[in-house]
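Just so you know, ligand 1 is whichever comes first in the structure, and atom 1 is the first atom listed for that ligand. Quick note: numbers below take in every heavy atom, side chains included, and nothing from hydrogens, waters or symmetry partners.
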Amino acid sequence: MSRIIFGVTGGIAAYKAADIANELTKAGHDVFPIMTKHAMEFLAPLTLETLTHHSVDKEEFGQDDTYRIRHISLTEDADLLLIAPATANILAKAAAGIGDDLLSTTILAANCPILAAPAMNTRMWENPATQANVKTLEARGWRFIGPAEGRLACGTIGRGKLSPVEEIVSAALEMLQPRRDLAGRKIIVTAGPTREKLDPVRYITNFSSGKMGYALAEEAVSRGAETILISGPVSLPKPDGVRVVPVESTQDLYDACIKEFETADLIIMAAAPADFRPASMAEQKIKKEKGSSLTVSFVENPDIAAALGRMKRPGQLLVTFAAETENLLENARTKLAAKGADLMIANDVSRTDAGFHVDTNAVTILRPDGSEPEVLPLMPKREVAAHILDAAKLLWE
Ligand code: PMT
């Protein structure tokens with residue numbers, strides 16, 4: 001049984017909240033309703049209380065467990081926060097981080113998946129402010145269902161109608177069920193930077209934090225894959241259920257990839273290995289002398305992805321990234337061919353909200369058949385990971 005917090009906001013579609021609460025409860029879930037002041041103008045709390053067997057939460061403090069702060073206690077073990085109907089007002093408050101009633105503070109405190117089913121007048125939905133708020137929330141990982149098109153309560157026809165109850169319920173149920181669609185697959189993910197030593201105390205590296213690769217490994221393991229994460233030096237916690245192979249240099253990464261790929265179904269190269277290493281490593285710390293300068297010559301490191309592209313057998317997949325600061329698609333296409341990849345993830349790393357270090361990314365998926373590039377909007381790295389795994393999975397079907 002999952003715990004669902006069910007936020008109902010004030011619009012005429014609030015009357016459909018009763019059916020949603022009823023279906024989710026019948027499906028065996030524990031539904032905790034929160035109604036805003038305006039929602040209670042459209043629907044009596046008693047209706048939701050009778051259907052869910054839980055009292056409707058309306059006030060931030062007090063009620064039955066007076067010693068606990070309600071928006072915190074509600075979110076502690078929640079598996080899903082569903083908001084249906086979601087008005088333009090609640091979306092605006094959530095996007096701006098405003099917490100001025102129980103539902104908006106609950107949204108701020110929630111660390112579970114959030115699904116919103118908007119319902120409002122067409123012009124309110126199309127208003128640039130609402131559209132910008134939806135984009136912001138999507139980038140934070142919110143999922144949206146609808147609104148649908150149809151006759152609205154105000155008499156006009158257009159987009160803004162609450163999606164059908166059965167669609168909202170099945171979207172909620174789908175979010176509660178962990179997907180196991182990668183069970184039986186062995187997936188390798190590379191993550192993080194490499195370090196190329198100059199002397200015993202200095203090295204050359206880059207800005208990779210490992211977040212993209214770790215998100216891929218977390219997504220793969222959550223969907224049932226045996227997951228091996230070959231990781232350069234990063235400061236991220238080890239994802240549960242994942243075997244981590246720590247590496248330091250590009251040569252270490254090469255050795256680990258060649259060894260593990262032998263028995264793998266898929267390798268995703270999200271790491272940022274150094275293309276060059278110092279031609280030699282000084283055995284002792286390089287000393288500086290007053291007015292001296294240092295010239296280091298570099299030699300090329302092995303191209304791991306290209307080697308894997310040459311060794312892959314039918315059924316094995318190679319997914320690579322192209323981190324670019326200019327001519328994104330053109331450069332990514334050239335790398336796709338050079339490495340023999342099955343998918344290339346073009347990543348514009350000149351953006352401040354995508355690429356290195358940040359929690360979000362905006363990538364374009366390229367395929368060797370020259371089909372139209374799949375441009376993904378800015379979203380959390382975990383969602384980018386889900387899209388990449390979906391795209392790879394399709395290649396096995
Ligand atoms: O780690 P984060 O902070 O979350 O940042 C994520 C990221 C920007 C590092 C990631 O999204 C990304 O773009 N990774 C690829 C970085 C990179 O090395 O790109 P590249 O265009 O230089 O290399 C192309 C591909 O070849 C990559 O898949 C790379 O892993 C691989 N490669 C590179 C060099 C090398 N010697 N051998 C390789 O196999």
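Closest to atom 10 (C) of ligand 1, if we only count protein heavy atoms, is A270 O, 3.6 Å. Nearest non-hydrogen protein atom to atom 21 (O) of ligand 1 is K335 NZ, 2.5 Å. Scanning the protein heavy atoms around atom 37 (N) of ligand 1, the nearest turns out to be I304 N, 3.1 Å. Annotation: atom 2 (P) of ligand 1 to nearest protein heavy atom, S209 OG, 3.4 Å. Among protein heavy atoms, the minimum distance from atom 17 (C) of ligand 1 is reached at A271 O, 3.8 Å. Remark: minimum distance from atom 31 (C) of ligand 1 to any protein heavy atom is reached at A305 CB, 4.2 Å. For atom 13 (O) of ligand 1, the closest heavy atom belonging to the protein is N347 OD1, 3.4 Å. Here the protein heavy atom with the shortest distance to atom 24 (C) of ligand 1 is F321 O, 2.8 Å.
Residue K211 approaches ligand 1 through these ligand atoms, each under 4.0 Å from one of its heavy atoms: 1 (O), 2 (P), 4 (O). Residue-ligand proximity, T320 to ligand 1, at heavy-atom distances under 4.0 Å covers atoms 28 (O). Proximity to S208 (heavy-atom distance under 4.0 Å) selects the following atoms of ligand 1: 1 (O), 2 (P), 3 (O), 9 (C). Listed by atom number, the atoms of ligand 1 under 4.0 Å from G210 heavy atoms are 1 (O), 2 (P), 3 (O). Taking every heavy atom of D275 and a limit of under 4.0 angstrom, the matching atoms of ligand 1 come to 34 (C), 35 (C), 36 (N). In the vicinity of A322, heavy-atom distances shorter than 4.0 Å reach the ligand 1 atoms 21 (O).
Ion pairing between a basic and an acidic side chain is recognised when a charged N comes within 4.0 Å of a carboxylate O; D252 and R195 show no such pairing. No salt bridge links R277 with E300; every basic N to acidic carboxylate O contact stays at or beyond 4.0 Å. D265 and K393 are not joined by a salt bridge, as no carboxylate oxygen comes within less than 4.0 angstrom of a charged side-chain nitrogen. A salt bridge does not link D199 to K285: none of the charged nitrogens lies less than 4.0 Å from a carboxylate oxygen. For D303 and K339, the salt-bridge test passes: some basic side-chain N is under 4.0 Å from an acidic carboxylate O. In this structure, R351 pairs ionically with D353, as a charged nitrogen and a carboxylate oxygen lie closer than 4.0 Å. Ion pair R3/D79 not flagged as a salt bridge, since none of the NZ, NE, NH1 or NH2 atoms sits closer than 4.0 Å to an Asp/Glu carboxylate oxygen. The pair E262-K312 does not meet the salt-bridge criterion, since no charged nitrogen lies less than 4.0 angstrom from a carboxylate oxygen. Using a 4.0 Å cut-off between a side-chain N of Lys or Arg and a carboxylate O of Asp or Glu, R367 and E374 qualify as a salt bridge. Of the charged side-chain nitrogens involved, at least one lies within less than 4.0 Å of a carboxylate oxygen, so that E219 and R382 count as a salt-bridged pair.
If you take CG on D359 and NE2 on H357, they are separated by 10.5 Å, rounding to the nearest 0.5 Å.
Distances between N or O atoms of N301 and those of ligand 1 include no value under 3.5 Å. Any N or O atom pair closer than 3.5 Å counts here, and T190 shares no such pair with ligand 1. Of the polar atoms of H357, at least one N or O is found under 3.5 Å from an N or O of ligand 1, judged by distance alone. Of the N or O atoms in M212, one or more lie within a sub-3.5 Å distance of an N or O in ligand 1. No N or O atom of V358 sits closer than 3.5 Å to an N or O atom of ligand 1.
By heavy-atom distance, the residue among M269, K381, K339 lying nearest atom 26 (O) of ligand 1 is K339. The heavy atom nearest to atom 36 (N) of ligand 1, out of those in A338, P302, P273, is found in P302.
Residues E326 and S350 have side chains that never bring a donor and an acceptor to within less than 3.5 angstrom of each other.
Using 4.0 Å as the threshold, P193 has no heavy atom nearer than that to any atom of ligand 1.
Listed for the R333 side chain is no donor-acceptor partner under 3.5 Å among the backbone atoms of M344.
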